[in-house]
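Quick notes on the structure that follows.
Residue numbers begin at 1 in each chain, while the letters A, B, ... track the order of the sequences.
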2 protein chains.
Amino acid sequence: MSETFSPTAQNEPPPDTRGFRFNHTMVRIKDAAASLAFYQDVLGFRLVDRRDFPQGGFTLFFLMLSDAPLDVPDDAEARRSWLATQTGVLELTHNHGTENDPGFRHHDGNSEPKGFGHLCVSVPDIRAACERFEREGVAFRKRLSDGTMRDIAFIQDPDGYWIEVIQPRPHS
Amino acid sequence: MSETFSPTAQNEPPPDTRGFRFNHTMVRIKDAAASLAFYQDVLGFRLVDRRDFPQGGFTLFFLMLSDAPLDVPDDAEARRSWLATQTGVLELTHNHGTENDPGFRHHDGNSEPKGFGHLCVSVPDIRAACERFEREGVAFRKRLSDGTMRDIAFIQDPDGYWIEVIQPRPHS
């Protein structure tokens, strides 16, 4: 499979899939406070919903990161419907109590058994972004200067999930 | 952590994160042909880019699923820049040859060691969508009629990754 890619020669989606949207990606988190601080304060995600299931012992956090204005409804039901019409949502699942277990760790998918790889955040200025991540004490998996691909970096969230950092235009 | 959620009382993203976007989620796939057929023909994703790395022995596929018109550039460099400005992209990584190993399997993240949970597709009519998935022979992890949550389903992609199916408005 190495033919030249042509976007105009691609599939027309089946009519039965009209209105389908890639709504969200879910990963489990150990420590809700740590993950919310990271995704909100370091990466700039907005928390657009949270759903508590005290009997099930878990909480779901929904976050979005986009320049688009977000008109998040106040009413919980309306917010749920609104959220389901969005794309590019990140869902974090916190099973209560894992944050108190020193040995508890999630699997990032990049060592055996492999599967999930990473999330990716696009930034306008990757050098400035990476310098800020350094100042914020973010863990790096790959700095811009590491390896041969000098235009991407990989940082890690508090659970160790890999987050690719890219920039639309090549940096100078 | 069970306080009432109020979207208007949420964080204002730091100015340094202006322009940041949640660009994509990457998962590894065993069989590119099977996964492309599933994501394009069953779910309606559009293939918006592919990048072949013959020396590295892998290919990256980028797909989007949204009603928004997609003006995908023909030029590879322009397409790469365009793609980096999007949100809600799904990246599939195919390491060449895994499709020929009968015992090869990816880890879906929902058994030990846990981490990644699922992708989620929102559909306008979840009953019609699930009936069509049945006709298409899609594997179900949870049918609408299973368990107590009758308004969501979980299907599985060719690698076994879980895909939640939701509908913005409650179905009748």
So, for [X] and [Y], which heavy atoms are closest and what is the spacing to 0.1 Å?
| X | Y | value |
| --- | --- | --- |
| A:F22 | B:L90 | CE2-CB, 3.9 Å |
| A:A84 | B:P168 | CB-CA, 3.7 Å |
| B:F20 | A:L43 | CD2-O, 3.3 Å |
| A:G44 | B:P14 | CA-CD, 4.1 Å |

- Task: Walk me through it: do A:I166 and B:N23 pass the test side chain to side chain contact (heavy atoms under 4.5 Å, CB included)?
- Result: CA-CA 9 Å; A:I166 62 174; B:N23 179 247; 3.7 Å; yes
- Message: So which residue, A:R79, A:R105, A:R80, ends up with the most heavy-atom pairs under 4.5 Å with chain B?
- Response: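 Heavy-atom pair counts peak at A:R79.
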- Heavy atoms only, distances under 4.5 angstrom: which of A:V27, A:T17, A:L65, A:L119 has the most pairs with chain B? Name it, please.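 Ranked by heavy-atom pairs under 4.5 Å with chain B, first place is A:L65.
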- Query: Between the side chain of B:R28 and the main-chain N/O of A:N110, is any donor-acceptor distance below 3.5 Å?
  - Reply: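 Looks like no, no N/O pair under 3.5 Å.
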- Message: Taking side chain as everything from C-beta outward and backbone as N, CA, C, O, which of these in B:P15 sits under 4.5 Å from a heavy atom of chain A? Side chain, backbone, both or neither.
- Response: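 Interface part for B:P15: neither.
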- Is it the backbone or the side chain of B:T25 that comes under 4.5 Å from a heavy atom of chain A, or both, or neither?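 Both parts, backbone and side chain.
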- Message: Using side-chain heavy atoms (C-beta onward) and a distance below 4.5 Å, is B:R46 in contact with A:P13?
- Response: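 They are in contact (side-chain heavy atoms under 4.5 Å apart), so the answer is yes.
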- Message: Test side chain to side chain contact (heavy atoms under 4.5 Å, CB included) on B:E112 and A:H107; report intermediate values, then the result.
- Response: CA-CA 8 Å; B:E112 297 299 336; A:H107 178 60; over 6 Å; no
